[in-house]
> 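After the C-alpha cells below, expect a handful of questions from me.
In what follows, every chain begins at residue 1, and chains take the letters A, B, ... in the order their sequences are listed.
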Number of protein chains: 2
Amino acid sequence: MNQPTNQTNYDSRSYRTPDGAPADIVIFTITTSDKNTVKKSLPHRELQVLLIERKQWPFQGQWALPGGFSKETETIHESARRELEEETGVADVHIEYFNVYSTPGRDPRGWIISHAYLALVNEKLLDKRKAADDAADVRLFPVKTALSMDLAFDHRMILQDALYRIQQKMLTTTIAREFLPEEFTISELYQVLQTVVPEFEEKNFIRKITSTQSREGLIEEVRGSSGELLASNRYSQRAAQLYRFTGYEPRLSIYS
Amino acid sequence: MNQPTNQTNYDSRSYRTPDGAPADIVIFTITTSDKNTVKKSLPHRELQVLLIERKQWPFQGQWALPGGFSKETETIHESARRELEEETGVADVHIEYFNVYSTPGRDPRGWIISHAYLALVNEKLLDKRKAADDAADVRLFPVKTALSMDLAFDHRMILQDALYRIQQKMLTTTIAREFLPEEFTISELYQVLQTVVPEFEEKNFIRKITSTQSREGLIEEVRGSSGELLASNRYSQRAAQLYRFTGYEPRLSIYS
DNA sequence: AAAATAGTGTCTCTAAGACATTATGTG
DNA sequence: CACATAATGTCTTAGAGACACTATTTT
C-alpha cells in the first residue's frame, strides 16, 4: 500500500518478526432448562462457554477457545468476527476486544501474539447451529467447569480474564440484553444478572429498577397497540409486566 | 521454547506473518501554571500528551506517539513499560493497555499491528526528565492541540480513543490519584477531574465527596501525629483540609 | 388450598440538590 | 477591606432499604 520512494534503509526482514497474530474468542451463552416443579417456574440458567477440541499439535486432544490466525488483508476484529461466524453460524452479535496475550513461550509454534475477544450469544441463536453440525468436538461447558479443566495454551487465564470482564460489564452496561429476548420480565433480567454475577443481590430489585427518577428510563414498559400494558405468564401464574431496554446507557461515576 | 517432538507438519513459514507488533503509548500528564491573580489562587491545569517528532521514513518530520517494536523475549506490556521509561525516565507509573490497531495499510512498512497503551504521569515526575534532555523533538502538547494536528500513522485515532478511555476511567476509578500529590485538597481533586472531563460538574462537590454513607471511605482526612486534622493553604488564604485516597475502589452498577 | 411468582404498603433514614451565608488570612 | 478559596446552615424532596403483606392463576 502506497510505498513511499524515500524508504531509505528500512528492512523489516532484518528484525525477528512475530509468527502470527491470531484472535481467540470467548463465546459466552446462557442456557436455560426447566426446573421440574409442580407449577410454572423460572428456569434454571447457567453461564456457558464454547470450546473446541484440538485435532492437531500443539495441545492435541485438549479443549481450547475457538480462534484463528488473522490475515494481512483484514483487521483483527474482522478476523474475530469471521471466526465467530464459523463456529456459531451467527453474525451481528455483541463481540468486543478485551486483551492481548504475548508471554514468551505461550505457544510452542513460535512467537504468537493472541488477541482475545469475548462474544455474547443468545441461546436461541446457537440452537440453529446445534442442529446443523452437532460435532462432538465443539461443545458448551459451564464456565465453572471450563475453568477447572486443563485447557490448551494460556486459555484458562484468558477465560478467567473474560469472565471478570463480562461480570464487570454486566453490571455497568446493558449487555444483559444480549442474553434476553427483546421483551422480558424483571425476574428474567434479575436471573440473567445473577447467572453472570452470582454475588449480585438486590432486595427490592423491582422497586429500584422501576423507580422513575434514579434509573431515568433504563427500561420501559411494553405497551400494546392501544396503549395497554403487556404482560407475560411464561414463568408464573400471575402475569408479569414486560419491559424492554430503551437504548439509554447511564454514565456512571464514583464522584456523583 | 520447549519444542515438542511430534511437530508433525506445522511450519509457520508457510504463512504470511506480521512484520512487527509494536506498542504505542499515549502518555498523559496535567501541567499546572499559576494564574496571575492578586491573591493566592488555584492554578490553571491542562491535559497534555507527549509526542515525538519522527526522524525517519515513514512520516518523517511528523509528530507521533512514542512507541517501539516489541521483542520475542518480552511481553508487549513489558515492551510498553520499557518504552515509557525510555521516553520519560520514570517507571512504576500507571500504565494500561486499551486497544489494538490492525487496519491493513496503517503502516507503510508492512503488516504491523500496534498495541496501544495509555500512561498517566505526574507532572512532578516529568520535570526531572525535562532538565536532563530537553530535546526539541520530544514535547508535551495540549490534548486539544494534538488532536487537531496531522499525526503520523493512525495516531490521531489512537489518541482520540485514549482520551475517551481516560475520561471514562477518571470518573469510574480513582486514577485521578496519578495526577495528584499523596495529600490533596478537595478543590485540587475537583480541578483534576474537570481538566480531564470538562463536562464534569458537581455543585456541592465537597458535600458529596465527604458524605460518609454513600462514598463510604473513598477518601479520608489526613491527620497529624497527634490526631489533629491537617490542612494546606497552598491555594488559598483559608487553609483547606487535606485528604488522601484510601485505596478503596467502589464497585459501580447501573442496577443498584 | 397450595404452589410459585408478581407486585404493593408502609415505615424510617439519609442523601441529593439548591443556595445563601459564614470563615479565613493576606496583599 | 477586598479578594479568593473553604466550608457550613438550612430547607425540601425523594430515594434506599427492609419486610410484611396482598394479588394472580393453575394444579
> Residues two or more places apart in sequence or in another chain: which of them pass side-chain contact (heavy atoms from CB on, under 4.5 Å) with A:Glu83?
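A:Glu83 satisfies side-chain contact (heavy atoms from CB on, under 4.5 Å) with A:Ile25, A:Glu86, A:Glu87 once adjacent residues are dropped.
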
> Report the residues that fulfil side chain to side chain donor-acceptor pair (under 3.5 Å) with A:Glu85, sequence neighbours left out, ordered by chain and then residue number.
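Counting only residues at least two positions away or on another chain, A:Glu85 forms no side chain to side chain donor-acceptor pair (under 3.5 Å).
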
> Given C:dA6, C:dA18, D:dA18, which nucleotide is nearest the side-chain atoms of B:Lys203?
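Among C:dA6, C:dA18, D:dA18, the one nearest the side chain of B:Lys203 is C:dA18.
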
> Going by salt bridge (Lys or Arg N to Asp or Glu O under 4.0 Å), name the residues that satisfy it together with B:Glu221, two or more places apart in sequence or in a different chain.
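Partners of B:Glu221 under the salt bridge (Lys or Arg N to Asp or Glu O under 4.0 Å) test: none.
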
> Which listed nucleotide (C:dG7, C:dG17, C:dT24) is nearest to the side chain of A:Ile206?
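The answer is C:dG7.
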
> Is it true that A:Tyr190 and A:Glu202 share a donor-acceptor pair across their side chains at a distance under 3.5 Å?
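There is no such pair (donor and acceptor under 3.5 Å, judged by atom type) between the side chains of A:Glu202 and A:Tyr190.
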
> Any donor-acceptor pair under 3.5 Å joining the side chain of B:Arg207 to the base of D:dT10?
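Looking at the base of D:dT10, it does pair with a donor or acceptor on the side chain of B:Arg207 (distance under 3.5 Å).
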
> Going by side-chain contact (heavy atoms from CB on, under 4.5 Å), name the residues that satisfy it together with A:Ala240, two or more places apart in sequence or in a different chain.
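In terms of side-chain contact (heavy atoms from CB on, under 4.5 Å), with neighbours along the sequence ignored, A:Ala240 is linked to A:Thr185.
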
> Given atom CG of B:Asn204 and atom P of C:dT14, what is their separation to the nearest angstrom?
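After rounding, the reported distance stands at 19 Å.
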
> Please report, rounded to the nearest Å, how far the P atom of D:dC21 is from the CZ atom of A:Arg238.
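A:Arg238 atom CZ is separated from D:dC21 atom P by 17 Å.
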
> How long is the line joining NE2 of B:His44 and P of D:dA4, in whole Å?
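It works out to 17 Å between those atoms.
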
> What nucleotide, of C:dG17, C:dT8, D:dT26, holds the atom closest to the side chain of B:Glu202?
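For the B:Glu202 side chain, the nearest candidate turns out to be C:dG17.
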
> Mind calculating the distance between OH (B:Tyr235) and P (D:dT5) to the nearest angstrom?
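It is 12 Å, rounded to the nearest whole Å.
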
> In whole Å, I'd like the distance from the CD atom of B:Gln241 to the C1' atom of D:dA6.
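In whole Å, D:dA6 C1' and B:Gln241 CD are 11 Å from each other.
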
> So, is B:Lys208 near the phosphate of C:dG17, with a side-chain N or O under 4.0 Å from OP1 or OP2?
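Affirmative; the distance criterion is met.
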
> Which parts of residues 183-192 of chain A get close to DNA chain C, meaning a heavy atom less than 4.0 angstrom away?
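A:Ser187, in order of number.
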
> Taking the nucleotide of DNA chain D with the nearest heavy atom to each, does A:Ala239 or B:Leu242 sit closer to the 5' end?
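Whichever sits nearer the 5' end wins; that is B:Leu242.
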
> Let me know the distance between CG of A:Leu229 and P of D:dA23, rounded to the nearest Å.
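Rounded to the whole Å, the gap is 19 Å.
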
> Excluding sequence neighbours, so at least two apart, what forms ring pair (Phe, Tyr, Trp, His ring centres under 6.0 Å) with A:Phe141?
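Applying ring pair (Phe, Tyr, Trp, His ring centres under 6.0 Å) to A:Phe141 gives A:Trp63.
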
> Looking at the rings of B:Phe245 and B:Phe184, which for Trp means the six-membered one, are their centres under 6.0 Å apart?
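Yes, ring centres under 6.0 Å apart.
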
> Which whole-number value in Å describes the distance from A:Gln237 CD to C:dA4 C1'?
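Going from A:Gln237 (CD) to C:dA4 (C1'), I get 6 Å.
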
> Rounded to whole angstroms, how far apart are CZ on B:Phe205 and C1' on D:dA6?
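After rounding, the gap between these two atoms is 14 Å.
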
